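Reading through the structure tokens given below for one structure.
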Amino acid sequence: MINITLKDGTVKTYESGITVFDVAKDISSGLARVTLAGELNGELVDIRKPILEDSTLSLLTFDDEGGKHAFWHTGSHLLAQAVKRLYPQAKLAIGPAIDHGFYYDIDVDVIITPEIMEKIEKEMAKLVKEGLAIERSELSRADALEKVKNEGEFYKEELIQNLPEDAIISFYSQGEFSDLCAGPHINNLSPIKAIKLLSLAGAYWHGDEKNKMLQRIYGITFPKKSQLTEYLERIEEAKKRDHRKLGKELDLFSIQEEGPGFPFFHPKGMVIRNELESFWRQEHQRRGYQEIKTPIILNAELWKRSGHWDHYKENMYFTEIDESDYAIKPMNCPGGMLVYKRKGHSYRDLPLKMGELGLVHRHELHGALHGLMRVRAFTQDDAHIFMTPEQIKEEVIKVINLADDIYKVFGFNYRVELSTKPEKAIGSDEVWEMATEALRDALVTKEIDYRLNPGDGAFYGPKIDFHLEDSLGRTWQCGTIQLDFQMPERFDLNYIGSDGEKHRPVIIHRTILGSIERFFGILIEHFAGKFPVWLAPVQVMIIPVADVHHDFAKGIADELMDIGVRASVDVRDEKLGYRIRDAQMQKIPYMLVVGDKEAEGGDLALRMRDTGDAGLISLEDLKEKLIEKIKTRSLTLD
RNA sequence: GCUGAUGUGGCUCAAUUGGCAGAGCAGCUGAUUUGUAAUCAGCAGGUUAACGGUUCAAGUCCGUUCAUCAGCUCCA
């Protein structure tokens with residue numbers, strides 16, 4: 001007999017070998033119906049999993065991540081089964097559950113069109129009606145290989161061959177369909193009440209562009225029809241926050257055919273950008289950073305010395321001046337190195353922090369461009385910290401703190417990744433190991449959860465990345481902290497130590513916002529265009545009731561502008577309601593309606609973006625409120 | 001770069017089987033003088049992404065290129 005401790009702390013005694021599903025059934029048939037998977041001693045397990053020893057067990061439903069995972073993984077099998085029924089010649093590659101739904105990569109000789117997707121969707125619904133049970137079985141490596149070979153599933157064959165020696169090879173089957181799969185899966189198909197195939201894309205086998213491109217079908221399933229409707233509505237809502245759409249509507253920026261990947265910033269976008277940059281300068285100055293600006297075009301020799309010529313050439317643009325080769329900078333570091341090298345340095349100068357809002361150009365693949373998020377010209381909020389090896393940890397921690405301080409101002413959540421040595425890299429393994437450990441040490445000291453991203457470091461060093469989310473939950477790298485022992489060597493940088501000898505400094509390359517462009521895009525989506533007061537292009541729109549109130553309105557605007565508030569008067573010959581609507585749609589935080597009553601009485605009728613009419617306020621109180629909101633970079637209006 | 005889809009006034013979208021390119025909003029002009037999310041009327045605005053082809057006739061069919069969108073790959 002074994003003891004099983006449940007989520008609520010109750011302990012139940014069962015015979016060894018009882019399955020997760022049987023435990024659920026024993027508790028109640030209702031619970032058994034909604035249980036999709038289990039979490040056994042902290043590990044996600046199949047609902048069929050026999051429990052052999054004293055354990056803690058959580059029964060997972062669709063409300064749990066693990067339950068969703070099993071549900072969607074089964075969704076992907078259902079998709080594959082439907083495809084195989086319609087196109088028996090199709091070869092299956094991989095079909096995992098993802099954060100929102102699932103996909104399956106399929107190699108089939110017909111081009112899947114939206115019409116075919118509809119057909120597949122119908123076939124899936126038909127399969128659910130058949131009420132097939134899902135069964136799990138294990139095979140030896142030889143038998144498994146034999147099975148998939150007989151079925152002609154050569155992608156599966158390759159997958160099995162790549163499994164580690166001791167791996168348990170399991171298959172899940174439903175009716176005539178069976179698929180190599182580690183699971184977990186749900187008990188049978190009938191809980192799947194809503195099915196939607198979402199999109200279609202090409203995807204390389206093993207993610208390698210040298211391999212064949214397969215057709216990837218994305219889909220999602222739910223236990224209730226209403227959940228699908230809600231999901232689709234949420235997607236629609238998220239699309240309204242898209243920075244490309246809002247950028248157009250609010251007239252912030254544009255990207256035109258004449259310059260793919262080269263964004264134009266419009267007057268209103270520039271207000272936000274300038275506010276961001278002055279905030280950035282303020283935060284850096286008070287932390288001891290100096291600011292520099294290095295040229296955009298520098299000669300080819302420099303890029304050969306820095307290693308970019310050998311390691312980054314495909315992403316660079318080149319030009320020729322007086323018959324010499326020049327490159328347009330894809331990174332700011334070599335220029336920064338030259339500034340450091342201009343004069344001798346003492347250990348007393350270190351750490352030396354040089355910041356640069358540097359405009360870089362990188363050739364990104366045409367298909368990779370995405371609004372402001374991925375462009376071909378962008379301004380990095382770069383800085384290079386020159387320091388002694390002893391200062392590494394402290395300085396890395398200071399940068400982590402700075403990033404956290406800055407992200408907090410916007411109310412962002414972020415995710416941290418640690419990226420290690422890539423294939424194309426310079427420097428010895430020992431130095432890489434040391435640098436990677438230094439970064440890891442800083443993360444551990446700060447008790448930050450991070451995700452490991454092997455092989456994704458810069459070519460000169462490992463890095464800590466900060467990722468922020470867009471409206472659809474896609475994450476984008478913004479801040480980065482990169483440790484570099486290579487550039488100091490290549491540029492023969494040194495400082496004089498307390499011993500009077502020359503020493504090699506170590507460099508941190510870092511950004512906080514990442515690129516101003518990308519950060520701006522994230523910002524638009526994060527706030528859905530409703531910028532906090534300090535960033536809003538127009539902070540107060542004054543709306544006179546009639547012509548006779550224009551002078552009074554302009555007087556108010558002047559007083560506000562005198563204290564640095566961006567105020568504007570809408571003098572157009574339109575009805576009040578029209579102009580309020582317009583200001584509202586421009587997402588202007590505050591509106592003032594001024595007519596006879598205000599001109600006589602002194603107090604002003606205030607309207608706020610989110611809550612509408614806010615009653616009367618005196619000009620003095622309003623000024624105080626605005627100054628406070630702007631100074632504290634408040635995220636709220638009242 | 002790869003796979004698939006898309007491209008019509010500044011914006012959002014119409015245009016039967018190939019048969020005279022249209023509407024709303026925005027803009028301009030005039031009337032209207034307005035109290036918390038759209039006042040009325042008139043005017044102007046297009047080589048239908050570009051180039052080539054088929055046809056008596058192309059926004060529509062075919063080809064090439066460019067751009068955009070969803071992914072893949074890559075990356076701030």
Side-chain angles (χ1 to χ4, degrees), chain A residues 103 105 111-114 117 198-218 239 242 244-245 248-249 251 254-261 312 314-315 330-332 358 360 362-382 419 456 458 463 465-468 472 474 476-480 482 509-519 521-522 543-550 572-585 591-598 605-609 612-615:
Chain A
Y103 65 79
D105 284 351
I111 292 166
I112 298 169
T113 59
M117 295 232 295
L198 297 165
S199 66
L200 199 60
Y204 302 107
W205 171 233
H206 286 321
D208 188 334
E209 58 186 327
K210 288 194 264 314
N211 289 337
K212 180 164 184 182
M213 184 165 267
L214 312 170
Q215 300 191 71
R216 173 173 297 179
I217 304 174
Y218 285 89
K239 282 185 184 156
D242 191 312
R244 293 165 297 189
K245 187 175 158 67
K248 206 182 272 181
E249 286 170 5
D251 199 13
S254 61
I255 298 176
Q256 320 211 14
E257 284 211 15
E258 288 81 352
Y312 209 73
E314 319 81 75
N315 287 298
M331 295 188 195
N332 302 302
V360 298
R362 297 183 185 175
H363 182 70
E364 294 296 335
L365 292 176
H366 157 257
L369 301 178
H370 183 96
L372 289 180
M373 304 296 198
R374 184 169 292 108
V375 290
R376 286 177 172 156
F378 56 98
T379 305
Q380 286 185 306
D381 67 315
D382 219 336
S419 298
D456 209 36
K463 57 180 187 170
D465 291 332
F466 296 83
H467 295 250
L468 302 177
L472 285 171
R474 294 176 290 211
W476 299 89
Q477 185 189 315
C478 289
T480 183
Q482 310 179 347
H509 305 242
R510 44 110 288 179
T511 66
I512 306 292
L513 311 178
S515 103
I516 305 281
E517 287 74 5
R518 175 177 288 182
F519 194 81
I522 299 265
I543 303 172
V545 173
D547 287 359
V548 292
H549 310 114
H550 282 187
R572 288 177 302 173
D573 180 19
E574 294 287 352
K575 295 195 80 153
L576 188 60
Y578 177 92
R579 286 173 292 157
I580 286 174
R581 178 169 193 273
D582 212 49
Q584 197 78 41
M585 291 201 308
M591 283 157 257
L592 290 174
V593 176
V594 296
D596 287 338
K597 279 182 272 179
E598 289 73 17
L606 179 68
R607 184 187 166 92
M608 294 198 287
R609 182 172 59 195
D613 197 341

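Numbers restart at 1 for each chain; the letters A, B, ... are given by sequence-line order, proteins then strands. The structure presented is a predicted model; accordingly, all values stated were derived computationally and were not measured.
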Mind checking if [X] touches a base, just sugar-phosphate, or nothing, with heavy atoms under 4.0 Å?
| X | result |
| --- | --- |
| K597(A) | base |
| R244(A) | sugar-phosphate |
| D456(A) | sugar-phosphate |
| E574(A) | base |
| G595(A) | base |
| G577(A) | sugar-phosphate |
| Y578(A) | sugar-phosphate |
| G202(A) | base |
| A583(A) | nothing |
| R216(A) | sugar-phosphate |
| V375(A) | base |
| Q477(A) | sugar-phosphate |
| L198(A) | nothing |
| K245(A) | nothing |

Exercise for review: Round to a whole Å and report the spacing from CG of L365(A) to P of C72(B).
Suggested key: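 After rounding, the gap between these two atoms is 14 Å.
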Side chain of [X] only, heavy atoms from C-beta on: which candidate in [options] is closest?
| X | options | value |
| --- | --- | --- |
| M585(A) | A76(B), A37(B), U12(B) | A37(B) |
| E257(A) | C2(B), U33(B), C66(B) | C66(B) |
| Q482(A) | C72(B), A76(B), G4(B) | A76(B) |
| I580(A) | G4(B), U36(B), C75(B) | U36(B) |
| H366(A) | A38(B), U68(B), U33(B) | U68(B) |
| Y218(A) | C72(B), G1(B), G35(B) | C72(B) |
| A605(A) | G35(B), A37(B), C72(B) | G35(B) |
| A203(A) | C75(B), U34(B), C72(B) | C72(B) |

If the [atom1] atom of [N] is compared with that of [M], how far apart are they to the nearest Å?
| N | M | atom1 | result |
| --- | --- | --- | --- |
| G59(B) | G9(B) | P | 14 Å |
| G19(B) | C61(B) | C1' | 15 Å |
| A76(B) | C62(B) | C1' | 42 Å |
| C28(B) | G71(B) | P | 39 Å |
| A57(B) | A5(B) | C1' | 29 Å |
| U16(B) | A21(B) | P | 14 Å |
| C66(B) | G52(B) | C1' | 15 Å |
| C75(B) | U60(B) | P | 41 Å |

Check your understanding: If you take atom types as modelled and just measure distance, does the side chain of E598(A) reach the base of G35(B) with a donor-acceptor pair under 3.5 Å?
Key ->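 Under the 3.5 Å cut-off, the side chain and the base do form a donor-acceptor pair.
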Practice item. State whether the distance check finds a donor on one side and an acceptor on the other, under 3.5 Å, for side chain Y204(A) versus base G1(B). Key: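 It does, because a donor-acceptor pair links the side chain of Y204(A) to the base of G1(B) below 3.5 Å.
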